[in-house]
Amino acid sequence: MRLGCIGDDFTGSSDLANTLAKQGMRTVQYTGVPNGPASADVDAGVVALKTRSIPAAQAVAQSLAALDWLKDQGCEQFYFKYCSTFDSTAEGNIGPVAEALADALGAEAVIVCPAFPGTGRSIYQGHLFVNDRLLNESGMQNHPLTPMTDPDIRRVLAAQSTGPVGHVDARRVLSGAKAIRAALDAEARDGKRLIVVDALQDGDLTQIGAAAKGLVLVTGGSGAALGLPANFGISAKAQSTWTGEPGKCVILSGSCSIATRGQIAHHKANHASLEVSAEALFDGRITSGSAADWLLEQEGLPLVYSSADLAIVAQAQARYGREESAAAFEQFFADVARRCTAAGITKLLTAGGETSGAVVEGLSLSQLEIGPEIDPGVPALRAGKTLVLALKSGNFGSEDYFEKAAKMLTGHLT
């Protein structure tokens with residue numbers, strides 16, 4: 001294994017694995033820290049954790065355990081993957097985990113770059129944009145778990161880190177890899193270990209990747225990994241044939257993002273759908289058993305969702321508790337997935353990082369093989385001989401994503 005990656009959630013990890021696979025690396029995604037060694041033919045291993053919203057000390061401990069396993073596989077460089085919208089709070093967990101990994105590896109200059117312009121995330125003068133909006137005007141300011149109210153990534157990171165935060169601005173990035181590396185080295189000499197790097201276009205990410213050659217630790221969204229495979233002499237090549245699976249596909253969505261709610265509205269116009277409110281879940285009017293039975297009874301591409309307007313989510317959290325609500329829905333979706341697969345479902349679509357993580361853990365899926373890309377940042381995944389799935393981050397995917405993904409999981413590549 002050449003490149004060892006640690007993801008703070010499951011959808012982001014598959015996004016990163018997709019990026020590396022497209023660039024020619026034989027990539028495998030692991031659910032948690034594996035108990036045994038990786039296959040010898042793996043170029044890049046992505047250990048998917050669920051550490052984005054847990055206490056910082058726990059996130060650090062789990063990330064260091066993943067690092068130890070990746071080091072044992074012989075990795076030469078390590079990558080800490082977080083969300084392209086820098087989902088975190090003043091307590092972490094991006095800063096604490098990045099600093100702990102840097103300490104363990106003796107890293108002096110660490111790139112911090114959540115940008116991926118190809119999916120609408122860019123950084124200019126240290127400020128993160130989502131399409132043409134600053135992060136705090138993009139809808140992320142209303143996120144139920146990690147509201148992002150400050151677009152200045154330098155300031156956000158500084159609040160959750162112990163040391164000063166550096167910056168490589170767009171002017172230097174546009175001058176190419178050598179200028180980027182010189183700026184990184186200068187910031188490191190000035191005592192700034194975590195260094196935010198601007199990126200306005202995907203070509204910038206390639207140059208940032210080239211500048212990262214020889215750096216032991218890089219952090220970012222999936223985009224900042226675009227240029228890393230070339231540092232190992234690996235180039236993009238045709239991916240292996242994707243066969244998909246026959247049989248029925250069902251959709252489970254817990255994401256409350258604007259993009260996912262738009263996808264749900266589009267899907268409901270032509271397909272069966274069942275909304276699960278917090279009230280219905282806590283009152284017992286809808287259970288995992290009744291929801292799974294409903295999915296199995298429906299024709300076509302049925303959807304069970306808890307996705308709702310953020311004002312409704314806030315009301316539910318106030319009534320039942322934020323952590324309690326989140327845990328109840330995660331358990332619900334995990335149970336629904338278990339019941340459906342036990343009944344013979346061969347294809348699963350999930351929307352939302354927490355929902356996807358709950359489903360993967362609930363199904364005890366230890367390893368995911370990376371298939372073709374459905375939409376930017378979302379690959380098809382094979383979890384076993386008769387189960388394929390796609391884990392979608394809330395903000396990703398086109399309006400008709402669900403139908404497109406179901407066709408891909410069946411084996412139709414267009």
Side-chain angles (χ1 to χ4, degrees), residues 9-11 14 31-32 48-54 143-146 248-257 259-261 263-265 267-268 271-298 301-365 381 383 387 389-394 402 405-406:
D9 84 333
F10 287 77
T11 57
S14 62
T31 302
L49 303 176
K50 201 172 173 212
T51 54
R52 182 170 297 172
S53 303
I54 66 176
H143 192 285
L145 296 178
T146 52
K248 187 171 182 174
C249 180
V250 300
I251 308 168
L252 305 176
S253 175
S255 170
C256 296
S257 73
T260 297
R261 283 186 282 139
Q263 290 157 358
I264 289 171
H267 193 76
K268 286 170 60 178
H271 299 273
S273 62
L274 175 65
E275 181 177 8
V276 183
S277 67
E279 291 78 10
L281 184 61
F282 279 90
D283 293 348
R285 284 181 280 122
I286 296 179
T287 66
S288 60
S290 66
D293 289 343
W294 181 87
L295 284 166
L296 295 169
E297 292 167 358
Q298 304 307 308
L301 184 57
L303 160 71
V304 168
Y305 69 97
S306 63
S307 309
D309 181 82
L310 293 172
I312 296 174
V313 174
Q315 291 174 3
Q317 290 178 338
R319 180 175 179 183
Y320 301 106
R322 188 176 76 170
E323 288 76 17
E324 292 80 3
S325 296
F329 275 111
E330 288 177 29
Q331 185 63 53
F332 168 79
F333 282 117
D335 287 344
V336 172
R338 278 193 292 264
R339 291 172 182 271
C340 285
T341 54
I345 292 297
T346 58
K347 300 189 288 290
L348 279 174
L349 301 178
T350 64
E354 301 300 322
T355 302
S356 298
V359 167
V360 170
E361 290 183 335
L363 294 176
S364 299
L365 305 179
L381 302 166
L387 180 62
L389 67 161
L391 313 175
K392 186 188 82 71
S393 176
F402 291 132

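This chain uses plain numbering: 1 for the first residue, then up along the sequence. Fair warning: this is a prediction, and the values are worked out from it, not measured in the lab.
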- Return yes if some donor-acceptor pair links the side-chain N/O of Arg261 with the main-chain N/O of Ser307 below 3.5 Å, else return no. no
- Looking at Val313 and Cys256, what are the two nearest heavy atoms and their distance? CG2-SG, 3.5 Å
- Compare all side-chain heavy atoms of Glu279 with those of Arg285 and state whether any distance is below 4.5 angstrom. yes
- Gap separating the CZ atom of Phe282 from the OG atom of Ser277, nearest 0.5 angstrom: 10.5 Å
- Task: Could you check if a side-chain atom of Val336 sits within less than 4.5 angstrom of a side-chain atom of Val359, using non-hydrogen atoms only?
- Result: no
- Ser325 side, atom OG; Gln317 side, atom CD - distance, nearest 0.5 Å: 6.0 Å
- Within the side chain of Ser288, is there an N or O that forms a donor-acceptor pair under 3.5 Å with the backbone of Asp335? no
- Query: Below 4.5 Å, heavy atoms only, C-beta onward: do His267 and Ile251 meet side chain to side chain?
  - Reply: yes
- Do Tyr305 and Val276 pass the side chain to side chain contact (heavy atoms under 4.5 Å, CB included) test, and can you show the C-alpha distance, the side-chain angles, and the key distance before you say yes or no? CA-CA 6 Å; Tyr305 69 97; Val276 183; over 6 Å; no
- Here the pair of heavy atoms bringing Ala358 nearest to Ala334 is O-CB, 3.4 Å
- Are any of the side-chain heavy atoms of Ser53 and Thr146 separated by less than 4.5 Å? yes
- Message: If you define the side chain from C-beta out and look only at heavy atoms, does anything of Leu252 sit under 4.5 Å from Leu349?
- Response: no
- Find out whether Thr350 and Leu389 are in side-chain contact, i.e. whether some heavy atom of one side chain is under 4.5 Å from a heavy atom of the other. no
- Atom NZ of Lys347 and atom OG1 of Thr341: how far apart are they, to the nearest 0.5 Å? 13.5 Å
- Message: Donor-acceptor pair, distance only, cut-off 3.5 Å: does the side chain of Ser356 make one with the backbone of Gly353?
- Response: no
- For Ser253 and Ser255, does a side-chain donor sit closer than 3.5 Å to a side-chain acceptor? no
- Query: According to the ring-ring contact (aromatic ring centres under 6.0 Å, His included) rule, which pairs have a member within residues 329-355, sequence neighbours left out?
  - Reply: none
- Item | Heavy-atom side-chain contact between Leu274 and Leu303 under 4.5 Å | no
- Query: Could you go step by step and tell me if Glu354 and Lys50 meet the side chain to side chain contact (heavy atoms under 4.5 Å, CB included) rule?
  - Reply: CA-CA 8 Å; Glu354 301 300 322; Lys50 201 172 173 212; 3.3 Å; yes
- Item | Nearest-0.5 Å distance that lies between atom CG in Leu387 and atom CG in Leu365 | 6.0 Å
- Message: Please identify which of these residues, Thr31, Leu49, Thr355, Leu381, meets the side-chain contact (heavy atoms from CB on, under 4.5 Å) condition with Phe10.
- Response: Thr31
- Note on the structure: CG of Leu296 to SG of Cys340, rounded to nearest 0.5 Å, is 5.0 Å
- Item | Donor on one side chain, acceptor on other, Lys392 and Thr260, under 3.5 Å | yes
- Query: Any side-chain heavy atom of Val250 sitting closer than 4.5 Å to one from Leu295?
  - Reply: yes
- Atom pair CG (Leu301) and SG (Cys249), whose distance is rounded to the nearest 0.5 Å: 5.0 Å
- Note on the structure: On a heavy-atom basis, the closest approach of Pro302 and Trp294 is CB-CZ3, 3.9 Å
